[in-house]
Amino acid sequence: MAFVSSGYNPDKPMENRISDIGPRDFNEFLPPVLKNNFGQWKYHDILEPGVLLHVAESGDEVYTVRCGTARLMSITLIREMCDIADAHCDGYLRFTTRNNVEFMVDSKDKCDALKKDLQSRKFDGGSFKFPVGGTGAGVSNIVHTQGWVHCHTPATDASGTVKVIMDDLFEEFTNHNMPAPVRIAVACCLNMCGACHCSDIAVVGIHRKPPLIDHEHLDNVCEIPLAIASCPTGAVRPSKVEIDGKTFKTVAIKEERCMYCGNCYTMCPSLPLSDKEGDGIALMVGGKVSNRISMPKFSKVVVAFIPNEPPRWPTLVKTIRTILDVYKADANKYERLGDWAERIGWERFFEKTGIEFTPHLIDDFRDPAYYTWRQSTQFKF
Amino acid sequence: MAKHKTPLLDQLESGPWPSFVSDLKLEAAARAKNEKDVNYQIPVEVVEDLLGVLELSYTDGETHWKHGGIVGVFGYGGGVIGRYCDQPEAFPGVAHFHTVRVAQPTGKYYTTAFLRQIIDIWDMRGSGLTNMHGSTGDIVFLGTTTPQLEEIFYELTHEANVDLGGSGSNLRTPAACLGKSRCEYACYDAQAICYDMTMEFQDELHRPAFPYKFKFKFDACPNSCVCALARSDFSVVGIWRDEIRIDQEAVAAYVGGEFAPNAGAHSGRDWGKFDIQSEVCDNCPSKCITYADGKLTINDKECVHCMHCINTMPRALMIGNDRGASILCGAKAPILDGPQLSSLLIPFIKVEEPFTEVKDVVENIWDWWMEEGKNRERLGETMRRMGFQKLLEVTNTKADPRHVQEPRHNPYIFWKADEVDGPWERDVNEYRKRHQR
Ligand code: HEM
Ligand code: HEM
Ligand code: HEM
Ligand code: HEM
Ligand code: SF4
Ligand code: SF4
Ligand code: SF4
Ligand code: SF4
């Protein structure tokens, strides 16, 4: 493993340096049929779940096969995608915002061959490498974050929860059998890098215990003022602690103010907060971002806590399944999960899904809370 | 023979959904074999050790990553996220496991030639593991050591002609929907403006100068495939302001059942025969569609551009011809005062090269936010603290009923001196001449 230089000279970092060049121009990467018909698309059809046809004013056609991926992927798998794209698609492919990969061809015959090829590929463990689906009124792939694979503040894993949820919803991924599209997101802590605040189903990792304080080391590894400033609720203050006759500069945490966000830990490694029993998942539902029919809306917490049950999180999977089954049976065509819940009323949502309504589900955090209480006698028994 | 036993992770190999565990094992085996004779610059067992440390997290329910530390490339304030393992003796291959964010091409289209080029770099100088893509939009290269960072940057820029993405308190890598390249709903060229603004604002992207992060996202229509108005401080959403174009013959084909509604999105269930009245007219949020005597009529003046009718009958209804975008501002995640969606600032703006009008809006907002924003305050929070009127002021935007869901609920209005007739500074003694104490 001898070090191989790229040409970079650490003594003269600015020598031959190239910076600020940005991404590559997307025009270099558009398949010719898309380039030729740019801005001239007439209509599209979803021929079957996962297979789209786009027709241009010119009459040109492009067939797209959409496949789910785990998002966390190896270069060995990416090379396999490249081989497929070279064999069928003249060397072009694209990814979607929701972590799907799309292969495009310009005729129906090529499309059938491509689809067959994709569906034949499996991992040694038996799962599909390229499951075809994720279109129309079904469940698309899950937008998610890093979890235990790569982050320091997660309260749950992301790759694992996504895998077990999608295993269970595979039928819905490969079909158009829901009332409307269902969008799921997983964020492994309150920072919600994964943007689940507006998803039909949002799985959010939450901690439930305030940070531990490593008093003897804190002042050596942290800038105390930064740790204090990092706390969004002002729960962290400077303090001194005596241990074995020695005085240490440290911080104290006002526990009743802490909502376990982990921001202080991000600034100060001496304030870790993960905890096996404390950590788990809050489940939120009913958000959307599209403007279709109703305006965009936030997801709402319907289960305050589900414990972490690795490796397959059975309670989480079952709860999501229950909600989606009730929604599927009860909602009107085109009705998103949140629109359905609002139409029948949240009191009915809890009744029909059998989910228990607890005091934790009533907002008590700052300004927006009041607007979620009911200022009316309009409700259902 | 695997380096670490992973009985819990092994249970994630079954089931139909692509298993990241199987994929990791594939990569671990490929590195061990090294058929291409790659001169690996970080430990060969990096993937084995990632599986090992992940199994440990699955066992004890806690993460084993320490946070960041400041690592990066010379002159850039973002693009690399530092990561260290808290069990480096047991898992030396991932003792350092930093992320490199690489700028993705707009719309996430690739040639295999380019993909192969960048993953070859990552094969030799990193873990061989990626996220395609990170949630902001970047290509995420997951796991390398500090000495490799400059080398990777050098090869990316010199060989693959591509830059790092953003992180930290700066402009984050902008993202757009695929827009005109493959979507008939696109009201403007989301990819072109996204690329153009990414290039224009490279300095803001690489060198933190903002109170906190700032994101642009571009959706070319109100369907919002990249969720611009939920996920970006500056959300540009395509819209038209004239009439929806109607092809009555195609309407008849939907009514007659020749065309499947919603392009076939509901094909998996028997929803009965397509009923244009209940499915299209009644679902229109402003009830401006009528269907009578075989003819569909839209009262376009009342249309709120929700896309429902167009989505439902894409071959019969098409976006209008007078196209542009709405600009909404201030979306953010819940920390701290609760989640915000972006709020409408500019109801309609033309989005045409060189995009000067849009850039002027951004720069006005930045000038204000960099002046007034507190440390780690997102634009949406500054807007709440200072008031929406302030945003109108700094962007020279005229107030308009479209800016609100409804007018304010209180008359606690902050008047400016020049809005009130007569002198603002008054003499109490003059007053007392008219009113006894
Ligand atoms: C349970 C609550 C939430 C969840 C689960 C959630 C989840 C997610 C996910 C999955 C993303 C995608 C990240 C990305 O692709 O970049 C995201 C992004 C985002 N979310 Fe949320 N989100 C939540 C709440 C909110 C709220 C309430 C807001 C503000 C109104 C918000 C603002 C944003 C913004 C601005 C982004 C853009 C992030 C980016 O593009 O990098 N989120 N959220
Ligand atoms: C104080 C608040 C936050 C902190 C401390 C924080 C911290 C982090 C860290 C450490 C990572 C890197 C994870 C890794 O790869 O190891 C990350 C990733 C990310 N963050 Fe945040 N974050 C915060 C808020 C947010 C918010 C509010 C959003 C979006 C609205 C967001 C969007 C993202 C995205 C999109 C990524 C990439 C994650 C992925 O693709 O998996 N972050 N954040
Ligand atoms: C924006 C400021 C307010 C306006 C313009 C306003 C206006 C009015 C008006 C017009 C009435 C009906 C009076 C009548 O029938 O003779 C009323 C009644 C009342 N207001 Fe207000 N009000 C305001 C603020 C408040 C506040 C802050 C409170 C309480 C804290 C309040 C409590 C009441 C009560 C208790 C009544 C009597 C209701 C009744 O007799 O049926 N109002 N208000
Ligand atoms: C636009 C706002 C308001 C207007 C126009 C308004 C107007 C009035 C008027 C006309 C009266 C009757 C005076 C009289 O009988 O001579 C009154 C009385 C009163 N107002 Fe207001 N008011 C307003 C807001 C408020 C608010 C916000 C409060 C308290 C939170 C308040 C508390 C009272 C009280 C305690 C009285 C005395 C009631 C009494 O004599 O029994 N008012 N207000
Ligand atoms: S959501 Fe939290 S735990 Fe997950 S990647 Fe983001 S900061 Fe890390
Ligand atoms: S976890 Fe969050 S709320 Fe609690 S002390 Fe730390 S920063 Fe403050
Ligand atoms: S946001 Fe609109 S224009 Fe862009 S891809 Fe989605 S549907 Fe098409
Ligand atoms: S776009 Fe929406 S509001 Fe406009 S006519 Fe169609 S259904 Fe009605």
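Looking at B:R31, there are no atoms closer than 4.5 Å to chain A (heavy atoms on both sides), in backbone or side chain. Interface remark: B:M199 contributes side-chain atoms only to the contact with chain A (heavy atom separation under 4.5 Å). When heavy atoms are compared at a cutoff of 4.5 Å, B:L12 approaches chain A by way of both its backbone and its side chain. At a 4.5 Å heavy-atom cutoff, the contact between B:V73 and chain A is made by backbone and side-chain atoms alike. Using a 4.5 Å cut-off between heavy atoms, B:C194 does not touch chain A at all. B:A186 does not touch chain A: none of its heavy atoms, backbone or side chain, sits under 4.5 Å away. Interface remark: B:L229 contributes side-chain atoms only to the contact with chain A (heavy atom separation under 4.5 Å). The contact between B:Q11 and chain A is made by backbone and side chain atoms together, counting heavy-atom distances below 4.5 Å. The part of B:I42 that comes within reach of chain A is its backbone (N, CA, C, O), which places non-hydrogen atoms under 4.5 angstrom from that chain. With a 4.5 angstrom heavy-atom cutoff, B:P7 does not touch chain A via any of its atoms. Looking at B:D60, only its backbone comes within 4.5 Å of chain A, counting heavy atoms on both sides. Only the side chain of B:F114 has a heavy atom closer than 4.5 Å to any heavy atom of chain A. Contact of B:E159 with chain A is not made at all, since no heavy-atom distance falls under 4.5 Å. For a residue to count as touching a neighbouring chain, one of its non-hydrogen atoms must lie under 4.5 Å from one of that chain's; by this rule B:Y40 touches chain A with the backbone only.
Side-chain atoms of B:T312 and A:R292 include a donor-acceptor pair closer than 3.5 Å. No donor-acceptor contact under 3.5 angstrom links the side chains of B:S22 and A:D124, judged on distance only.
Ranking A:C261, A:G68, A:P31 against chain B, the residue ahead of the rest is A:G68, based on heavy-atom pairs under 4.5 Å. Chain B forms more heavy-atom pairs under 4.5 Å with one residue of A:E102, A:K288, A:R183, A:E309 than with any other, namely A:E102. Across A:L77, A:L47, A:V4, the residue that shares the most heavy-atom pairs under 4.5 angstrom with chain B is A:V4. In terms of heavy-atom pairs under 4.5 angstrom with chain B, the leader among A:G136, A:G125, A:P23 is A:P23. The candidate with the highest count of non-hydrogen atom pairs below 4.5 Å against chain A, out of B:V226, B:D123, B:L129, is B:D123. Per-residue counts of heavy-atom pairs under 4.5 Å with chain A were compared for B:H206, B:K25, B:H266; the largest is that of B:H266. Contact count against chain A (heavy-atom pairs under 4.5 Å) is highest for B:L115 among B:T198, B:N375, B:I121, B:L115. Of the listed residues B:S224, B:G15, B:P18, the one with more heavy-atom pairs under 4.5 angstrom with chain A than any other is B:P18. Residue with the most contacts toward chain B among A:T174, A:D157, A:T233: A:D157 (heavy-atom pairs, distance under 4.5 Å). Contact count against chain A (heavy-atom pairs under 4.5 Å) is highest for B:C227 among B:P147, B:A192, B:C227, B:C225. Put simply, of B:A103, B:A113, B:S278, B:C221, the one with the most heavy-atom pairs under 4.5 Å next to chain A is B:A103. Contact tally against chain B (heavy-atom pairs below 4.5 Å) for A:Y92, A:F365, A:F3: the top residue is A:F3.
A donor-acceptor pair under 3.5 Å is formed between the side chain of A:R24 and the backbone N or O of B:A160. Using a distance-only test at 3.5 Å, with no hydrogens or angles considered, a donor-acceptor pair links the side chain of B:D163 to the main chain of A:D20. Listed for the B:T130 side chain is a donor-acceptor partner under 3.5 Å among the backbone atoms of A:M73. In terms of modelled atom types and a separation under 3.5 Å, the side chain of B:K180 and the main chain of A:W41 share no donor-acceptor contact. A:K129 places no side-chain N or O within 3.5 Å of a backbone atom of B:D23 that could act as its donor or acceptor partner. Between the A:R71 side chain and the B:H133 main chain, a donor and an acceptor come within less than 3.5 Å of each other. Counting only distance, with no hydrogens or angles, the side chain of A:T76 and the backbone of B:L26 share no donor-acceptor pair below 3.5 Å. At distances below 3.5 Å, not a single donor-acceptor pair connects side-chain atoms of B:Y109 with backbone N or O atoms of A:E28. Side-chain atoms of A:N177 do not come within 3.5 Å of backbone N or O of B:G268 as any donor-acceptor pair. Without hydrogens or angle criteria, A:H54 side chain to B:R182 main chain gives a donor-acceptor distance under 3.5 Å.
A heavy-atom distance below 4.5 Å is not found between the side chains of A:H176 and B:R269. By the 4.5 Å heavy-atom criterion applied to side chains, B:F20 and A:V162 are not counted as neighbours. A heavy-atom distance below 4.5 Å is not found between the side chains of A:M192 and B:S135.
To the nearest 0.5 Å, atoms CG (B:L178) and CG (A:L30) are separated by 10.0 Å. Note that CG of A:N27 is 7.5 Å distant from CD of B:Q191, once rounded to the nearest 0.5 Å. Distance check, rounded to the nearest 0.5 Å: CD1 of A:I75 to CG of B:D120 gives 7.5 Å. The distance from atom CG of B:N131 to atom CZ of A:F95, rounded to the nearest 0.5 Å, is 11.5 Å. For the atom pair CD1 of B:I119 and CE of A:M81, the computed distance is 9.5 Å after rounding to the nearest 0.5 Å. Between B:W17 atom CH2 and A:T69 atom OG1 the span is 7.0 Å, to the nearest 0.5 Å.
When each of A:Q40, A:H44, A:E57 is paired with B:E184, the side-chain contact (heavy atoms from CB on, under 4.5 Å) condition holds for A:H44 and for no other.
Atom NZ of A:K42 has 12 or fewer neighbouring heavy atoms from other residues, nucleotides or ligands inside a 6.0 Å radius.
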Worksheet entry | Chi angles and distances behind the side-chain contact (heavy atoms from CB on, under 4.5 Å) call for A:T153, B:T63 | CA-CA 7 Å; A:T153 54; B:T63 191; over 6 Å; no

Worksheet item: A:E48 and B:S267: side-chain contact (heavy atoms from CB on, under 4.5 Å), yes or no, with the steps?
Response: CA-CA 8 Å; A:E48 57 185 290; B:S267 61; over 6 Å; no

Worksheet item: Going through the distances and angles, do B:S181 and A:R94 end up as a side-chain contact (heavy atoms from CB on, under 4.5 Å)?
Response: CA-CA 12 Å; B:S181 69; A:R94 83 171 279 265; over 6 Å; no

Item to complete: Give the C-alpha distance, both sets of side-chain angles, the deciding distance and a yes or no for side-chain contact (heavy atoms from CB on, under 4.5 Å) between B:L142 and A:Q146.
Response: CA-CA 10 Å; B:L142 210 57; A:Q146 301 292 5; 4.0 Å; yes

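In this pair, B:F97 and A:H150 present their aromatic rings tilted. The plane angle is within the 30 to 60° band.
Residues A:R17 and B:E150 are paired through a salt bridge, judged by an N-O separation under 4.0 Å between the basic side chain and the carboxylate.
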